[in-house]
2 protein chains.
Amino acid sequence: MPHDYGFNIRDLRRVIAVAEHRSLRRAALALEVDQGTLTRSIQALEHALRIPLFERMRTGARLTAAGVAFTKIAASVLEGMDEAMLHLRLRHNGVVGRLRLGVQVSFATGVVADLLERYQSVCPDVDFQIIDGTRERLLRDVLASRLDAVIVIAGEGWPGRAIPLGRKECWQLSRGITPSRRGWR
Amino acid sequence: MPHDYGFNIRDLRRVIAVAEHRSLRRAALALEVDQGTLTRSIQALEHALRIPLFERMRTGARLTAAGVAFTKIAASVLEGMDEAMLHLRLRHNGVVGRLRLGVQVSFATGVVADLLERYQSVCPDVDFQIIDGTRERLLRDVLASRLDAVIVIAGEGWPGRAIPLGRKECWQLSRGITPSRRGWR
DNA sequence: TAGATTTACGTCCTACGTAAGAATC
DNA sequence: GATTCTTACGTAGGACGTAAATCTA
C-alpha cells in the first residue's frame, strides 16, 4: 500500500499540457496560469518522482523518454477518471440507463407529450422507450417488469407506488423515477 | 476536457480507507491523521462531487450507493497508478527488461563473473541472459542484434560504442547499459 | 535583443492538529 | 456516559502572481 505520490490531478493535467504544447510558456497560456507557477509545478513533480520529465531547450521543452512514459500514465489515469466521473455523475442524477415507459394512448398528446420530449432532450443518455397501449395492458406489463413505469388514468389499487400527475409531480417523475433507482430496472 | 475535480490522490486513498474500516475514526487511526482532518477531507470531497459518499451512523460510516461506485473508480485509478508508477521507476533505473549479454569465455571467471552476479542480485527484474563464446562469434551476434552487449578483449574497430573495463567503467556497465536505453534492445 | 525558462518575494489560501461541541444509544 | 462524527480556531506550509534574473542563439 504505497503512500501518497506527492502530486495531484492538477499536476497530471499540467504535464500533459506542457507535453502537448512543447513549451512551458504556451502551456501556461492555455492553462491560464502564470509561467512561473507552471515551472514550479513541473519542477516539484520531477523532484517528487526523482525523474526528469522534460528537456529544456531554447525553443521550448521536450519530453524525455521517462517523460513520455509518465505522460502516457497520466493520460490513461485522467482518461479513466474523466469517464468514470462523468458516468458517476450521470448515474447519480439518473440520466443514464434504460427507461421503458408505458403511456396510455389518451395521453399521447398534450402536456404529457411535451414533458416526455423535454425529458428526452434533458437526458439524452437515457435509452428512452415509450410504449403506448390500453390501461390494462400497460398495468399488466409494468407488473411483469416489462415496463419500468406507466402513465395511466388513476383507478383503484397501487396506492403507494402511484404518483398523481399534477405539475409538481410531473417534475418529480422526470427526476425521481429513473432506471437506476431502487425498484426500477 | 474537464477541469480539475478539486480533489487529489490522497483523498482517494482516504475514501478507500474509510470504506474499508467502515469508520472515520478507525480509518483516521490507520492513516495516522486526526479524525477531524479526515472528516473535513471526506466532506470536502463530497461537496466537490456534490454527491454524498457515506452514510454517517452512530456505529461508524457506511458507503452510499454512489459511494460504492466512487470507491470502485478510486480503487481502479489508484491500482493502475501504483502499478504504472512502480514500472516507471523500475524502467528509469534500468532494472526491468531483457539483457542478452555475451561474455568471452576467458572472462567467465574472476572480476567479471562477480560483477555479473552482483548486477543480477541488484536488478532481479532484469531477464539476464549470459551467452559465452569466442570473441568473433560474440561480435557477430551483437552486430546482428542477437545480443545486446558483449564483453570481449579489446581490438580494432568499435571506437564509439565500446567501453574499457576499468573498475569505474564496470559500474557504468551495470548502471548505464540497460535493456531500455537507446541503442540497446 | 528576442524568446525561452527560472528564481525572489510577498500574499493568500489550504490543510493540519488540538480541543471543544453535538448527536445517538 | 461512552462512542462517534463534526466544528472552531490558530498555525504552518504550499501555491499563486508579479516582477526581476538568467540563459542562449
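Here is how names work: the chains are called A, B, and so on, in the same order as the sequence lines, proteins then strands, and each is numbered from 1. Computation of the quantities below employed the complete heavy-atom set of this structure, encompassing side-chain atoms and omitting hydrogens, waters and symmetry-equivalent molecules.
For the salt bridge (charged side-chain N to carboxylate O under 4.0 Å, His left out) test, residues two or more places apart in sequence or in another chain that qualify with E55(B) are R62(B). For T71(A), the side chain to side chain contact (heavy atoms under 4.5 Å, CB included) criterion is met by V15(A), I16(A), A19(A), L63(A), not counting sequence neighbours. Residues passing the salt bridge (charged side-chain N to carboxylate O under 4.0 Å, His left out) test with R22(A), sequence neighbours excluded: none. With sequence neighbours excluded, the residues satisfying side chain to side chain donor-acceptor pair (under 3.5 Å) with R137(B) are D141(B). Under the salt bridge (charged side-chain N to carboxylate O under 4.0 Å, His left out) criterion, E136(B) pairs with no residue, sequence neighbours left out. With sequence neighbours excluded, the residues forming a side chain to side chain contact (heavy atoms under 4.5 Å, CB included) with A66(B) are H92(A), I51(B), T64(B), listed by chain and number. Considering only residues two or more places apart in sequence or on other chains, A84(B) meets the side chain to side chain contact (heavy atoms under 4.5 Å, CB included) condition with I73(A). The side chain to side chain contact (heavy atoms under 4.5 Å, CB included) search around I130(A) returns V103(A), L116(A), F128(A), not counting sequence neighbours.
A cation-pi contact, defined as under 6.0 Å to the ring centre and within 45° of the axis, is absent between R10(A) and F7(B).
A nucleotide of DNA chain D counts as in contact with chain A when one of its atoms lies under 4.0 Å from a heavy atom; the first and last such, 5' to 3', are dA15(D) to dA25(D).
When each of G60(A) and Q43(A) is assigned the nucleotide of DNA chain C bearing its nearest heavy atom, the one mapping closer to the 5' terminus is G60(A).
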Indicate every side-chain donor-acceptor pair of residues 35-42 of chain B with a distance under 3.5 Å to a residue at least two apart or in another chain.
{"residue": "T39(B)", "atom": "OG1", "partner": "Q35(B)", "partner atom": "O", "Å": "3.3"}
{"residue": "S41(B)", "atom": "OG", "partner": "R14(B)", "partner atom": "NH1", "Å": "2.6"}
{"residue": "S41(B)", "atom": "OG", "partner": "T37(B)", "partner atom": "O", "Å": "3.3"}

Which parts of nucleotides 12-25 of chain C does protein reach within less than 4.0 Å, heavy atoms only, written one letter per nucleotide 5' to 3' as B for base, S for sugar-phosphate only and - for none? ---SBBB-----BS
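Against DNA chain D, the stretch residues 63-71 of chain B makes no heavy-atom approach under 4.0 Å.
Distance CZ (R25(A)) to P (dT6(C)): 14 Å, rounded to an integer number of Å.
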